[in-house]
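Let me begin by presenting the structure, written as structure tokens, before commenting on it.
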Amino acid sequence: MSELIDIFTSHKSERSFTEQPVDEAVLDRIISTAYRAPTSVNSQQVSVVITRDAGRRAQIAAIAGGQPWIAKAPVFITFVLDMHKSAVGMAAVDQQQIAHQSIESIVSGSTDIGIALGSVMAAARAEGLGIVPIGGIRRDPQAMISLLELPPLTFPVAGVVIGHVDEPAHQKPRLPLATFRHDEIYQTQGLEQQIATYNDEMVQHWKTIGRNDGESWSESVSGYYKNIYFPNVLPALLKQGFGTDK
């Protein structure tokens, strides 16, 4: 049990991989953890698309904004919110699906994808492989939809790179535990100081690993959250048949 906890608490997002293939039996075991992961009301509204073809991986790397580790590592897995198969299943008993018209379906499906993604990342690391989760595929979701030939009522939510690590990454510090764990009620007292302390810690972390250009956490997250940085998500969701007004 302690070994399993160690896998989770020692997480690092690797971005340096060799081109060594991932053994097929190992990949099958990794995928099985997502396949057996829980889903809301047993909807099984998660599908995965495995990309090993180098040309396709290069295209995904470009779609995600130019992330070379996607093209370098031998395996990329796209996690798909899939309400296409539930619609087909309901049609088999003369029922019509309307749940995909609600924001709840997106929240629920994305939650299930998060569970499956976490399972795959832990399983891959248990097999001695490195991983890095990728949200950048939502930068141009329509391109991903076209590349993977996704049917209506599906959406590529996230991906993960899997491969053999070349140069291991450094584990980043985290915000103080008190900003994460709240017993009984959410605690806001002292948050500003805890963030200030963490900002200093992050800058020192970057310097320690030889990056004098490293930003504080506040600066880093501002680079993303001061904008709607993936504005193409909503139009792609709507085009795929999902709704957000219920």
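On a predicted model such as this, the values are computed, not experimentally measured, just so you know.
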Can you name the nearest heavy-atom pair linking [X] to [Y], along with the distance?
| X | Y | result |
| --- | --- | --- |
| Met144 | Pro156 | CB-CG, 3.9 Å |
| Val22 | Val26 | CG1-CG1, 4.3 Å |
| Ile7 | Ala122 | CG2-O, 3.8 Å |
| Leu117 | Ala158 | CD2-CB, 4.3 Å |
| Ala37 | Ala116 | CB-CA, 4.2 Å |

> In Å and rounded to the nearest 0.5 Å, what is the CD1 to CE distance from Ile30 to Met121?
Replying inline: 12.5 Å

>> Just verifying a value: how many Å separate Phe180 CZ and Leu177 CG, rounded to the nearest 0.5 Å?
In response: 7.5 Å

>> Would Ser222 and Glu219 count as a side chain to side chain donor-acceptor pair (under 3.5 Å) here? Give the steps.
In response: CA-CA 5 Å; Ser222 294; Glu219 291 169 328; over 6 Å; no

Shared ILVMFWY cluster between [X] and [Y], side chains joined below 4.5 angstrom?
| X | Y | result |
| --- | --- | --- |
| Ile209 | Met202 | yes |
| Val157 | Tyr224 | yes |
| Leu237 | Phe79 | yes |
| Ile106 | Ile98 | no |

> How far apart are the C-alpha atoms of Asp166 and Phe17, what are their side-chain angles, what is the distance that settles it, and do they pass the side chain to side chain contact (heavy atoms under 4.5 Å, CB included) test?
Replying inline: CA-CA 5 Å; Asp166 187 7; Phe17 296 91; 5.6 Å; no

[Y] and [X], any side-chain heavy atoms less than 4.5 Å apart:
| X | Y | answer |
| --- | --- | --- |
| Ser43 | Ser86 | no |
| Ile60 | Phe76 | yes |
| Ile137 | Thr78 | yes |
| Phe242 | Ile103 | no |
| Val233 | Phe155 | yes |
| Ser105 | Met83 | yes |
| Val75 | Thr51 | no |
| Ile77 | Val161 | no |

I'd like a table of donor-acceptor pairs (distance under 3.5 Å, sequence neighbours excluded) in which one partner is a side-chain atom from residues 146-154, with atom names and distances.
{"residue": "Ser146", "atom": "OG", "partner": "Gln142", "partner atom": "O", "Å": "3.1"}
{"residue": "Thr154", "atom": "OG1", "partner": "Pro151", "partner atom": "O", "Å": "2.5"}
{"residue": "Thr154", "atom": "OG1", "partner": "Gln240", "partner atom": "NE2", "Å": "3.4"}

> Just by distance, with hydrogens left out, do Gln45 and Asp112 show a side-chain donor and acceptor under 3.5 Å apart?
Replying inline: yes

For the backbone of [Y] and the side chain of [X], can you confirm whether one donor and one acceptor N or O come within less than 3.5 Å of each other?
| X | Y | result |
| --- | --- | --- |
| Arg57 | Ala71 | yes |
| Tyr198 | Pro173 | yes |
| Glu19 | Pro74 | no |
| Thr197 | Gln193 | yes |
| Arg139 | Ile63 | yes |
| Arg125 | Ser10 | yes |
| Asn199 | Trp217 | yes |
| Gln67 | Ala64 | yes |
| Ser16 | Glu167 | yes |
| Asn227 | Tyr229 | no |

>> I'd like to know whether Asp82 forms a side chain to side chain contact (heavy atoms under 4.5 Å, CB included) with Val46, so could you lay out the CA-CA distance, the side-chain angles of the two residues, the decisive distance to 0.1 Å, and finally the verdict.
In response: CA-CA 5 Å; Asp82 186 352; Val46 179; over 6 Å; no

> Are Lys12 and Glu14 ion-paired here, with the side-chain N under 4.0 Å from a carboxylate O?
Replying inline: yes

>> Under 4.0 Å between a side-chain nitrogen and a carboxylate oxygen: does that hold for Arg52 and Glu24?
In response: yes

> Given the rule in the side chain to side chain contact (heavy atoms under 4.5 Å, CB included) test, do Ser216 and Asp200 qualify, once you have shown the distances and angles that lead to the verdict?
Replying inline: CA-CA 7 Å; Ser216 71; Asp200 292 340; over 6 Å; no

